There are 2 protein chains.
Amino acid sequence: MGKCEQCIIKQFNSLKSLTKDELVRISNCKTSYTIKKGTVIFEEGETLNGVYCVKDGICKLSKLSENGKDQIVKMVVKGQLLGQRSLVSDESSNLQATALNDMEVCFIPKSEIIADLQKNPKFSFDVLKDMAHDLREADDIIVNMAQKSVRQRLAEALIYIHDSFGVNPDGTLSILLSREDFANIVGTATESAIRVLSQFKKEGLISTIGKQIKIEDIKGLKRIE
Amino acid sequence: MGKCEQCIIKQFNSLKSLTKDELVRISNCKTSYTIKKGTVIFEEGETLNGVYCVKDGICKLSKLSENGKDQIVKMVVKGQLLGQRSLVSDESSNLQATALNDMEVCFIPKSEIIADLQKNPKFSFDVLKDMAHDLREADDIIVNMAQKSVRQRLAEALIYIHDSFGVNPDGTLSILLSREDFANIVGTATESAIRVLSQFKKEGLISTIGKQIKIEDIKGLKRIE
DNA sequence: AAGAAAACATGACAATTATCATATTAAAAT
DNA sequence: ATTTTAATATGATAATTGTCATGTTTTCTT
């Protein structure tokens, strides 16, 4: 029983519906990679012929807009899959994936898994549930982007990162992002993100230890309007 | 062979993978409705126990934000399904559906179609493809909302409506929206939407016949930065 | 350890967008 | 047909956010 089998089950929780045989076969043809921080894993427009299973590290999924800014749409962490949509659609990727720190991934060729998707209805129904959930999340992001201020969006981004990816033993956010990354998550200028974070600090909502951010008053952040 | 069978095949183009037997059965248990303009078909938080198949008319899918504004996330027209996600997820709807004009719909109970989704792998794979496509579109909207100006977003909304839903014989957009609806699509104040549309008119990019809008210079709209 | 480069920070100002006030016009109701 | 209501329009102003300049700190390189 390969290590990939366990890894894959945890994340893409749809994969729990695969049979043992299916998992073993997939596990056998995986390839492991180490990806260095800052590396572009795949680019916008690139055709993916498989999925990456993230064993360790974090990456961002972003899309370049015409004004040259890179909008971060989603972050993928240890225990999740990268490039799921390539399994289902023949279109090229609409997003770029970039490692935010050193990563360990394993690659599963599309050819290995697509037959399961088409033959195992329970499996594909589970994947469907996953996508429906992603779609719902995307709706929420659209509304936030359209209706909320930079201050609100940044507060929510901090809360989201805190709740979804957790904190280090010292209470700082476990994911270390540059100010530019924060700007690209909330869709604002880097200077604006810096200013708002400074403001949060002055107000005692967050504190910083070097580049690390610690949320001091999560209720206060939630109260921002 | 019921009329619904044809209707359903056209739109949710995933339904093409259903067998004839499956379609006939579904067709038999459908219920037809007439929905008047302005009617709320379902609300945010409501649990849907089926899908609506739009035979005629248009509706908007929107989500109320905390500031009281209603962000339009998607528009559903004749030949499309409404509430697909309820088939797949047990979560309640995150969106509200409101008829933009008088509509003809038929309702298919979830119980009738869910078994097919779980037993017919080709069918559910096709649905999966559809959702992957929707997700890609949602990414694009997020980037637009985050990175583009109101002027750009409104120009793109006009082009989108023009290209996706077509025009009347006199060249006006076939979908008639209020200025407030336009504001809620691009995520801005009603006054701002009105101002930008007036500006477009002054610049000769669009013209108006009453409330109807006609695109006069689509290349000009696309050139807006 | 010193220098170069990148990231962070902040001020000054411009551009964009929201809000409030108030007309004007169009649509609906009686 | 006339009143009432809702939608459209526009000005004035405030608030938010972006851009450019510049300085400081941190990180990386050699």
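What you see is a predicted model, and the numbers here were worked out from it, not measured in a lab. Chain naming here is simple, since letters A, B, ... match the order of the sequence lines and numbering starts at 1 in each.
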> Can you tell which of C:dA9, D:dA7, C:dA18 lies closest to the side chain of A:Arg179?
Replying inline: C:dA9

>> Using the side-chain heavy atoms of A:Thr188, tell me which of these nucleotides is nearest: C:dC8, D:dT8, D:dG18.
In response: D:dG18

> Contact class for B:Lys69 vs. all strands (heavy atom < 4.0 Å): base, sugar-phosphate, or nothing?
Replying inline: sugar-phosphate

>> Need to verify one output field. Residue with the more 5' nearest nucleotide on DNA chain C, A:Leu197 or B:Lys148?
In response: A:Leu197

>> Any side-chain N or O of A:Ser198 below 4.0 angstrom from OP1/OP2 of C:dC8?
In response: no

> Under 3.5 Å, is there an N or O donor on one side and an acceptor on the other linking the side chain of B:Arg195 and the base of C:dT19?
Replying inline: yes

>> Could you tell me how far apart A:Arg153 (CZ) and D:dT17 (P) are, to the nearest whole angstrom?
In response: 7 Å

>> Could you check whether any side-chain heavy atom of B:Val167 comes within less than 4.5 Å of a side-chain heavy atom of B:His162, counting everything from C-beta outward?
In response: yes

> How close or far is atom P of C:dA26 from atom CD of B:Glu180, stated in whole angstroms?
Replying inline: 19 Å

>> Between P on C:dC8 and NZ on A:Lys201, what's the gap in Å once rounded to a whole number?
In response: 12 Å

> Rounded to whole angstroms, how far apart are CZ on A:Phe182 and C1' on C:dC8?
Replying inline: 13 Å

>> Over all strands shown, is B:Thr190 touching base, sugar-phosphate only, or nothing at heavy-atom distances under 4.0 angstrom?
In response: nothing

> Would you say D:dA7 has OP1 or OP2 under 4.0 Å from some side-chain N or O of B:Lys211?
Replying inline: no

> Any idea how A:Tyr52 and A:Phe42 line up, ring-wise: parallel (<30°), tilted (30 to 60°), or perpendicular (>60°)?
Replying inline: parallel

> What nucleotide among D:dT17, C:dA18, D:dT8 has an atom nearest to a side-chain atom of B:Ala189?
Replying inline: C:dA18

>> Whole angstroms only, please: what is the CD-C1' distance between B:Glu191 and C:dA21?
In response: 10 Å

> What's the CG-P distance between A:Leu176 and C:dA7, to the nearest Å?
Replying inline: 12 Å

> Side chains of A:Ser65 and A:Gln71: donor-acceptor distance under 3.5 Å anywhere?
Replying inline: no

>> From CD of A:Gln199 over to P of C:dC8, roughly how many Å is that when rounded to an integer?
In response: 18 Å

> Taking atom C1' of D:dT25 as reference, at what distance in whole Å does atom CD1 of A:Ile209 sit?
Replying inline: 18 Å

> Say you draw a straight line from CG of B:Leu154 to CD1 of B:Ile224; how long is it, rounded to the nearest 0.5 Å?
Replying inline: 8.5 Å

>> Both B:Thr208 and B:Ala146 contact DNA chain D. Taking the nearest nucleotide for each, which residue is further toward the 5' end?
In response: B:Thr208

>> With side chain to side chain contact (heavy atoms under 4.5 Å, CB included) as the criterion, how do A:Lys110 and A:Asp90 come out once you've worked through the C-alpha distance, each side chain's angles and the decisive distance to 0.1 Å?
In response: CA-CA 11 Å; A:Lys110 183 171 172 173; A:Asp90 295 324; 3.2 Å; yes

